[in-house]
Structure formats: C-alpha cells, structure tokens
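Numbered from 1 within each chain, the chains take letters A, B, ... in sequence-line order. Note that the structure is predicted; figures quoted are calculated from it, not measured.
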Number of protein chains: 2
Amino acid sequence: MRKTTIEEVAALARVSIKTVSRVINDEPNVRDTTRLKVRDAIDRLGYRPDQSARRLAGARSYLVGLLYDNPSASYVIDVQSGVLDRCRAENYEILINPCDYKNHALCAEIENLVRHARLDGLILTPPLSDHQELVSMLRKQLIPFVMVAPPNQSDPARSVFTNDRDVCREMTRYLASLGHERIGYIIGHPDHGAVGARYRGYQEGLSGAGIRFRKGLIGQGYNSFISGEEAARQLLKRKVRPTAIFAGNDEMAAGAMKAAHEMGLTIPGDLSVAGFDDVPLASQIWPSLTTIRQPIRAMSEKAADILLNQIRGEPVNGLQMIPSVMVIRDSTGPIGG
Amino acid sequence: MRKTTIEEVAALARVSIKTVSRVINDEPNVRDTTRLKVRDAIDRLGYRPDQSARRLAGARSYLVGLLYDNPSASYVIDVQSGVLDRCRAENYEILINPCDYKNHALCAEIENLVRHARLDGLILTPPLSDHQELVSMLRKQLIPFVMVAPPNQSDPARSVFTNDRDVCREMTRYLASLGHERIGYIIGHPDHGAVGARYRGYQEGLSGAGIRFRKGLIGQGYNSFISGEEAARQLLKRKVRPTAIFAGNDEMAAGAMKAAHEMGLTIPGDLSVAGFDDVPLASQIWPSLTTIRQPIRAMSEKAADILLNQIRGEPVNGLQMIPSVMVIRDSTGPIGG
DNA sequence: CTGAAAGCGCTAACAA
DNA sequence: TTGTTAGCGCTTTCAG
C-alpha cells in the first residue's frame, strides 16, 4: 500500500493541490465549504503530508532541537516526553541533542546544527539556559528558542519558570516549624542558574522564621551525590552541627544522608534532610526524602508550546510560571525526634 | 550564507552531479582519482548532503526508530546515547519513540510509524524485545530491526545479548562464599525476558555452591521499588528468614533494603542485599548496593551497528554478547558480619 | 478565493 | 566509468 499523496486528496476533493496545501497549512483564503471538503478527503484517505517533501520545498523544517547537558536521567526523560507530546501533536519532530556546556566550540556547533539540520527552533534546558554566549548567539542570529528555567527573568517571552525561591523559602520555614534552628544548606553547582534563587529562598526562609543566617552552616556542592556527601560531612563535623540540612538537589541530599549514616547519626532523629527535584531516588532511599517536586514535564510542554507559537509568529502570552510543590516524606521530623 | 549543494560540488570537481552522488553513497564504479577529486571538493566546500532531499528522492530515509517502554530513565538515556553516537557518525538520525507495550494497538501503530516516517529500521529495547507479536510483524513485513537483550537466542543475527545467567550464577556463588546459605531471590516482572535467565542463574549458583533450592525463599516482584519492598517483607517475615537477598534489579533491591531497615535489620550485618543493573541509585543509597553492571551503552552501540549493517545489506557477524560484570559495594558482607 | 507551473536537492533509471 | 533526464511530494511564486 503506497502512501497517499496530496494529489490524490486534491482529486478526491476536486480541487487543486495548492488548495489542499492551503488547508494543510491553515492558510487563509479558502472558502469554508472548500476547506471542509478538503478536510473530509484528507480524513477519508488517512492522508498525512510527507515531512521530507515539505522540508525540501518549504522554508520550514518542522524540526526543533532539544538541547541538554544534565546528569539527571530522569530530568532529561521528563523533558523529552513533555516536548515530544507537544511537538508530535503539532506534526513537529524533535532532534535530541546532548551537549557539553563546557565545550568552547559549543556555540559554533549549535549554529552549525541549526543550519545543517535546518532546525526551526531550539529548546534549552539547564544548564544550557544559563549559557549566556549561546543565548546571545541565538538572539543575534534570530533563531527561535525558548529556555526552561533560565537564571533570570530578563526574557520572559522566551522562558518558562518555576518558583524555586518561594518554595525553598517555604521548605526552610517548614524545617524551622519543626523546631530546627541550625538549618544547614548545601548550595548547588555555581554554573546552574537556579542555584542562586534556591539559596536566596533558603535565606529568606530563615529570616522569615526569625533565625539568624550563619555562614558556617553553608556548604558548597556541585549537584553530585559525592559533592553533597563531602559538604555534609564538613557541616556535621562542626562543634555545633546542624540539626537539619537542606540541599539544593536530591542527589546532594542523598549524599548528605550517606554522610550522616556513616557518622552514626539517625535520620530524622538526629538530622533532618531535605532535597529538591523529587527524582525517583527520593522515594527509593531510606528514609524516603522530603523534597520539592519540580513540574518538569509541565514546564517542557509549556516550553514547546511557546516555541511553536514563536515559530509561527503568533504572539506569546505573559510570564509562564509553573509552581513546584513540597513533598513531605520521612527524612524530616521534629528536632530531637 | 546559503547551503552548498551537490551541483556546486560537481562544478568544482568538474564531474556530473551523479558522480558526486556516487561518492557520497560509497557506490562502486568510480575511478579512484575521480573519487579523490570529488572528496576534495566536498571538503573544500564543507558540503553535507541535504537529508530531506535524499529522503524524498531515494528509497532510504536515513532514519531509524528507537522503541522503548522502560521505567528506568537511566536505562533509556544510556540506550539513547549509545545509539545516537553510532547513528550520527553514519549520518543517520534517530526517532525516539516511547511506547506502551501493553497497548493492544501497538503493532498497528508501529507499522504506521514505520510507513509514515519511512523508517529504515527499528531498535527494540526490553520489554519491547520480548513482544512476540511485534517481532513477528516486523519479520513478516521485512522491516529491518534489532533487539537489545531479547528473551532467547532464536534470532542471533538481530540480537545483542549480555550474560545475565552467568553473572547471576556468579553473584549467587559470591553470596554463598560469604557464608550465606539462605539466599533469597526476588524475581522481576514476568513480561521481561531477561527475568528467566537471571532466575536460572541464581538457581545454578545455588546448586553450584551445594545449597538446596527452597521455594520459600523466592519472592515475586514486578521490577518496581514497591514490589521489591513487599516481596522482601514477606521473605523477611518467615520463621527462617534469608540472610541475603538477591533481587532481579536495583529498584527492587532498594525496596528490599527499605523493608529490612523498617524491620530493624542492619545491612549487611543482618542481611546482605544485591541487585542488578547498576543504575545511579545503586551508588546513591546507603549502604551502597552490590550489583551487576549491565553494559547498556555498549550493547546499544552494537545494536545500532548491527541495524545499520542490516539496512545496507551487509553481512552480520556471529553472536553478539557483551558481558555484565559484578560490582561489589557495601550492601553485602559475611554472614552475621 | 483558486489554480498552473516552477522548483527544493537529491537519487534512480537509463544512456553513452 | 561517467553523464542525462526524470521524478520524489510538497511549497512558492504568479496568474487568473
């Protein structure tokens, strides 16, 4: 069974192929009755336009690139499925493209990729959304793009945010409400844009609860398990050790838990631990991790929406913010509990 | 800067476009000197053929589909990156396609996908490699495909294996060598083909160590954390409880660890636990999990190789087996240790 | 509002 | 061993 082509649709609908093309592309200047007739023929034949032919003939490629350099597999999978859903629904394909954000030639490579694969647009996820050089290049080249969780709100029309800061403030206050006063914090990788917002949320949470900020309770991590473990070990070795540790992501929180275990501390009895992201790990360690669920899938769907609109030249509505929510599990509890 | 086309290459090399086409496609019947001349022109111009045009004109699409329905994000990401590497190197693109293996219309959908996207071939990962209906459909339709870790060796030319059974035997004997005699086993999801081989390896390991197989030490899981937790809880409630538990994957092993912790058992003091896969979780829980590292990336690269060869009609060499290896960490130790 | 004709950049026959 | 000529299925002019 051969694929049905635009000609067969045109024949069945008794119009020219150009009219069919107009209908396919939602172009104006087609009488409603004609449009209906064509739509009907399309349905009856199960016709779907050939992407290669459209790409070759037209200006658009119906292809968007998805750029990522994220060590968290579950993050990437969530982003992919969100974007896939949206794009397939609109007959766009996605080109997944793992990157190395430290690669000095990254900009050139991406520019090349866009040109060669004729990408209609790009979706950037952290830490690529934080890559200033890349972002300015795209702006300069007028390449449509959208950023998931960029570090600031300077380009809201091309961004999807979550409320890192608010929810971190909330988490800190929650820990305080359990009686904790020495609440440590492990900062994430400095190259990661959301890191600042989360840290600020923590600080605000402290002051909101009337707790003094202490530099000595802050550790620097790099988003990895091992970095969290090391940072926590330092914090826990102090004379006045924290009774709670809030880490900038779940991997570091898990590392902190390991450090605590190895030092003979029980969780949450001697130490409460909280993370951020709600990766699968969070519910698979013991005790299960109190954390913050980031709406990754919803954010990526929204990002795809924005990008497709942008590509079509349609207006993009206001600030896109999808809230993260706290998930309280077993790794946090009342002080001395 | 417009993209350079085959015509410009032909002009520079002073040959016809057909000759350039022959060189691009590694076709025979081109004099070596001509081939060199053309290659040189291609390099000088930085020419790369337009995929859409090739797809439209030719029989091949330079597109392969990657099918998966796997809850483990790290597994999928590893497969993707292995396949991507190989395919991009050969100028093939991949179409990632999450599936639902329980969907009754799956076969029809895949058939449709192949036809509509004009896929040159398909890579199946578990549990899709175990989907008999799908596999026979592909065979019948003469659609090139390759299976990662299929349930049996009935079609070695289209398969990449690992030595599940051998390495599970080895792990079981390792546990026995630590003094364990009551070694429990949690079976994975029955729909998953590798499950049988792993279980058999366990049984062989027992008899190899001179330990009697006891039905009462076997639990049925479904590859998920929670199923492992429940199965382990049953096993540990028995009057003569196991001193070691070997689970068919890491998630279930983590679930078993949770059950043990909640029952007040220490690991590995009271209970040794081992898993399979070496997902990131394995090194991020406490104590870190003794497990078996599956060479997912290497297997998928090999799978891509096999598929591309098959597509080109080149011969496929013998049985492809890439061994898994044991990774001993802290969740296993001498009995009563 | 609709249609005819000219490509997009390449591969597939077929000729030479 | 090489070149010529038709398309592949669609979008884009440009004319009606």
Spacing of [atom1] belonging to [X] relative to [atom2] belonging to [Y], to within rounding of 0.5 Å:
X      : Y      : atom1 : atom2 : result
A:L67  : A:I96  : CG    : CD1   : 11.0 Å
B:H192 : B:N70  : NE2   : CG    : 6.0 Å
B:M147 : B:F161 : CE    : CZ    : 7.0 Å

Nucleotide nearest [X] (side chain, heavy atoms from C-beta), chosen from [options]:
X     : options               : value
A:S16 : C:dA4, C:dG9, D:dG3   : C:dA4
A:T19 : D:dT11, C:dG3, C:dT11 : C:dG3
B:P49 : D:dT1, C:dA4, C:dC10  : C:dC10
B:V15 : D:dG3, C:dG3, C:dT11  : D:dG3

By nearest-heavy-atom nucleotide on DNA chain C, the more 5' of A:V30 and A:I17 is A:V30

Quick check: any donor-acceptor pair below 3.5 Å linking the side-chain of [X] to the base of [N]?
X     : N     : value
B:R22 : D:dG3 : yes
A:K18 : C:dA4 : no
A:R31 : C:dT2 : no

Roughly how many Å is it from [atom1] in [X] to [atom2] in [N], rounded to a whole number?
X     : N      : atom1 : atom2 : answer
A:D32 : C:dC1  : CG    : C1'   : 12 Å
B:L56 : C:dC8  : CG    : P     : 13 Å
A:D50 : C:dC10 : CG    : P     : 17 Å
B:N29 : C:dA12 : CG    : P     : 14 Å
B:Q51 : C:dG9  : CD    : C1'   : 12 Å
A:R55 : C:dG9  : CZ    : C1'   : 14 Å
A:E7  : D:dG7  : CD    : P     : 12 Å
A:Y62 : D:dT11 : OH    : C1'   : 9 Å

Q. Side chains of B:Y101 and B:D130: does their closest heavy-atom pair fall under 4.5 Å?
A. no

Taking side chain as C-beta onward, heavy atoms only, is B:Y75 less than 4.5 Å from B:V148? yes

Contacts of A:G58 and B:G58 projected onto DNA chain D by closest heavy atom; the upstream (5') one is B:G58

| message | Using a heavy-atom cut-off of 4.0 Å across all strands, would you classify B:T34 as base, sugar-phosphate, or nothing? | response | sugar-phosphate

